[in-house]
Amino acid sequence: MKATIDELLSQSKIPKEDTVYILAKDEVNHFPITAGNFFMIQPADKWQGESWLESFFQRKLEERKEELTYQELHKMAEQIKERIRGIKEEDPRGYGHMAQLRSLRLVKHSIENALKELELHYQSEVEREFAKVYGVRDRKLLVYKNTVCLGSFEDVERQVPILRNVRIKWIRSRPLLLKNLDAVRDAAAKKVPIGLVGGPCLFGLYEVEIVVQHKDGRSFSYDFSSGHHYERAELKTFEFADHVERYAGQITGIHFINWKKGVTSQEHDSLEVLFDVGAVLGAKVAVIIPDISYLKYLSTVTAPLDETIRQKALEEFRVEAHKIADLYLNRIEELKQQYPDVEVRVLHDRDSEACEIFHTRREVFFKNSGLIHRLTAKRAKTDAVFDYISMLALPYYFWGTPQVIQIDNLDETDSFRKCRKVHKGAFSLSAILYSEKLSANGEQTIFNAPLEWKDYL
């Protein structure tokens with residue numbers, strides 16, 4: 001599904017004036033978002049701390065409540081509650097003070113009603129003020145997968161003012177999915193250590209081809225990223241994993257064709273944004289190059305094969321995966337020269353120390369194997385999903401940072417949600433997830449585009 005914010009609002013039959021998007025730039029509201037049909041319009045007050053406008057609205061309400069009339073009524077209500085508690089402590093059943101308790105509760109109820117009426121009055125005042133100043137009639141917003149709120153970098157800047165110093169321009173023109181940014185604001189203000197995490201997938205669609213050879217001389221090609229069969233009508237209904245499971249005894253070899261010509265502009269952006277935001281926040285950066293996860297997936301899928309055939313396939317893929325990882329490692333070294341003050345650590349297959357830290361320190365969070373099975377329905381991908389969930393905690397594993405920000409593409413929404421669930425209480429995880437730009441043909445993202453539209457740098 002490809003849709004702009006304007007189109008999503010139109011589909012929901014919600015006027016833009018009733019949403020926070022009346023304040024967004026046209027280039028943000030018109031940017032094509034490639035995501036499933038998982039957006040819902042919700043009142044912003046359900047997402048306090050997620051929208052700068054709602055946070056600002058609530059602060060205005062609290063300012064109104066500082067008025068003498070409200071404070072006096074609130075004080076009276078608290079005094080009555082204290083008297084009731086005192087009576088209940090002396091006479092738990094209240095039999096000796098029935099009349100007095102009844103009278104106190106009537107007065108308390110009356111005062112609470114007056115407070116509610118005042119709060120409604122204050123809310124109406126602030127709503128009128130917002131309509132006048134911002135042109136916002138209501139404070140609705142779009143929520144993706146009931147997890148992250150759709151917004152823009154202007155929203156980020158309003159919630160975390162220091163991020164106005166971010167230099168890269170592309171992130172300001174795209175819709176963003178945001179979560180828990182008030183925690184980032186507080187961490188930045190209090191100089192709490194912050195860690196950033198993100199990075200590109202190892203490769204996209206059409207970039208690595210799997211060729212499966214059979215004893216009878218036939219061969220079948222699959223795309224590694226999607227698992228889907230290439231063109232050939234026979235066995236087209238099978239994915240690569242299904243093919244191996246069903247025809248393991250007939251397979252004589254599995255080989256890989258690496259079509260990837262370089263780093264795409266989107267992959268470069270996914271690295272650059274980590275460095276740029278890291279420099280502004282003084283944050284440490286953990287970059288994920290997930291060759292270890294691809295190797296785990298391949299190892300699991302090829303388990304039914306003859307061990308000699310399987311090991312040859314794994315080694316051949318490892319060689320190609322390392323070639324691709326080197327493209328990113330080289331680009332990271334270039335970015336280190338541009339951002340010399342940013343401390344960076346990269347997780348990849350050949351950094352045995354980083355891998356050991358990663359596998360060891362996550363173990364306490366995944367002791368319950370049943371949890372892992374609930375996180376993915378595809379058993380062949382369990383190890384890879386396990387990795388993608390726990391990789392988002394890398395700054396915590398590496399440096400113990402109490403505040404982590406995932407800066408990644410919107411496809412990582414599910415892994416973000418699951419990582420928060422698994423690591424709840426260990427550290428604060430926030431999200432700035434961006435919509436990927438379309439390839440030159442305007443039909444799909446660069447990740448999903450055919451090779452001729454990949455936009456290699």
Side-chain angles (χ1 to χ4, degrees), residues 200-261 289-327 348-350 355 359 369-370 372-389 391 411 414-415 444-445 447-454:
C201 290
L202 191 59
F203 46 80
L205 267 67
Y206 306 106
E207 290 190 307
V208 173
E209 180 179 347
I210 307 173
V211 180
V212 184
Q213 295 178 326
H214 280 213
K215 290 178 180 177
D216 60 7
R218 293 185 300 166
S219 65
F220 304 89
S221 293
Y222 292 87
D223 179 75
F224 199 119
S225 287
S226 67
H228 294 160
H229 196 276
Y230 276 159
E231 297 178 1
R232 198 185 289 265
E234 189 175 8
L235 301 182
K236 200 169 185 178
T237 57
F238 287 100
E239 289 192 3
F240 170 62
D242 300 323
H243 186 133
V244 173
E245 184 176 3
R246 181 159 183 173
Y247 296 98
Q250 300 178 36
I251 294 172
T252 58
I254 294 180
H255 304 286
F256 304 90
I257 304 175
N258 181 1
W259 299 105
K260 190 170 177 60
K261 301 174 183 177
I289 298 179
D291 49 0
I292 59 173
S293 302
Y294 283 70
L295 282 160
K296 288 176 184 178
Y297 167 70
L298 186 62
S299 178
T300 301
V301 170
T302 57
L305 298 179
D306 173 84
E307 189 60 22
T308 301
I309 296 171
R310 178 171 176 263
Q311 289 303 323
K312 285 182 179 179
L314 289 172
E315 187 52 39
E316 183 178 326
F317 177 71
R318 181 175 278 105
V319 170
E320 299 306 323
H322 290 174
K323 288 179 185 176
I324 295 171
D326 283 340
L327 297 173
H348 63 98
D349 182 54
R350 285 166 289 172
C355 290
H359 289 116
S369 61
I372 303 304
H373 293 305
R374 290 197 298 273
L375 293 174
T376 174
K378 295 187 177 181
R379 293 293 172 261
K381 294 186 177 181
T382 295
D383 285 343
V385 172
F386 189 0
D387 279 359
Y388 278 107
I389 294 167
M391 281 174 176
D411 289 336
D414 288 335
S415 56
Q444 63 275 105
T445 63
F447 178 90
N448 292 294
L451 288 171
E452 60 267 29
W453 302 110
K454 284 293 186 188

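Atom CD1 of residue I309 and atom CG of residue L314 lie 12.0 Å apart, to the nearest 0.5 angstrom. We find the CG-CD distance between D216 and Q250 to be 7.0 Å, quoted to the nearest 0.5 Å. If you take CD on Q444 and CH2 on W453, they are separated by 9.5 Å, rounding to the nearest 0.5 Å. In this structure, CD on E245 lies 12.0 Å from CZ on F240, to the nearest 0.5 angstrom. Note that the CD1 atom of I292 and the NE2 atom of H359 stand 4.5 Å from one another [nearest 0.5 Å]. The distance from atom NZ of K261 to atom CG of L451, rounded to the nearest 0.5 Å, is 6.0 Å.
Between E239 and S226 the shortest side-chain heavy-atom distance does not fall below 4.5 Å. Residues S219 and H255 form no side-chain contact, since every pair of their non-hydrogen atoms from C-beta on lies 4.5 Å or further apart.
K215 contributes no side-chain N or O that, together with a main-chain N or O of I251, makes up a donor-acceptor pair within less than 3.5 Å. Of the possible polar contacts, one joining the E316 side chain to the F256 backbone as a donor-acceptor pair under 3.5 Å is found. When atom types are taken as modelled, the side chain of D291 and the backbone of D349 share a donor-acceptor pair closer than 3.5 angstrom. Between the R310 side chain and the S299 main chain, a donor and an acceptor come within less than 3.5 Å of each other. A donor-acceptor contact shorter than 3.5 Å links the side chain of D223 to the backbone of Y206.
S225 and G204 make their closest contact through OG-O, 3.0 Å (heavy atoms, listed as atom of the first residue, atom of the second, distance). Minimum heavy-atom separation, V244 to P304: CG1-CD, 4.3 Å. In plain terms, the two heavy atoms of L298 and T302 that are nearest each other are O-OG1, 2.7 Å. Contact detail for P200 and P290: the closest heavy-atom pair is O-CD, 3.6 Å.
Test V211, V208, I254, V212 against Y222 for side-chain contact (heavy atoms from CB on, under 4.5 Å) and you get one pass: V212.
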Derivation of the salt bridge (Lys or Arg N to Asp or Glu O under 4.0 Å) call for K312 and E315: CA-CA 5 Å; K312 285 182 179 179; E315 187 52 39; over 6 Å; no
Stepwise, does the ring pair (Phe, Tyr, Trp, His ring centres under 6.0 Å) test hold for F224 with F317? CA-CA 11 Å; F224 199 119; F317 177 71; 4.8 Å; yes
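Between Q311 and E307, the side chains place a donor N or O and an acceptor N or O closer than 3.5 Å (distance only, hydrogens not considered).
Residue Q213 places its CD atom among more than 12 non-hydrogen atoms of other residues, nucleotides or ligands, all under 6.0 Å distant.
Take K323 and apply the salt bridge (charged side-chain N to carboxylate O under 4.0 Å, His left out) test, not counting sequence neighbours, and it matches E320.
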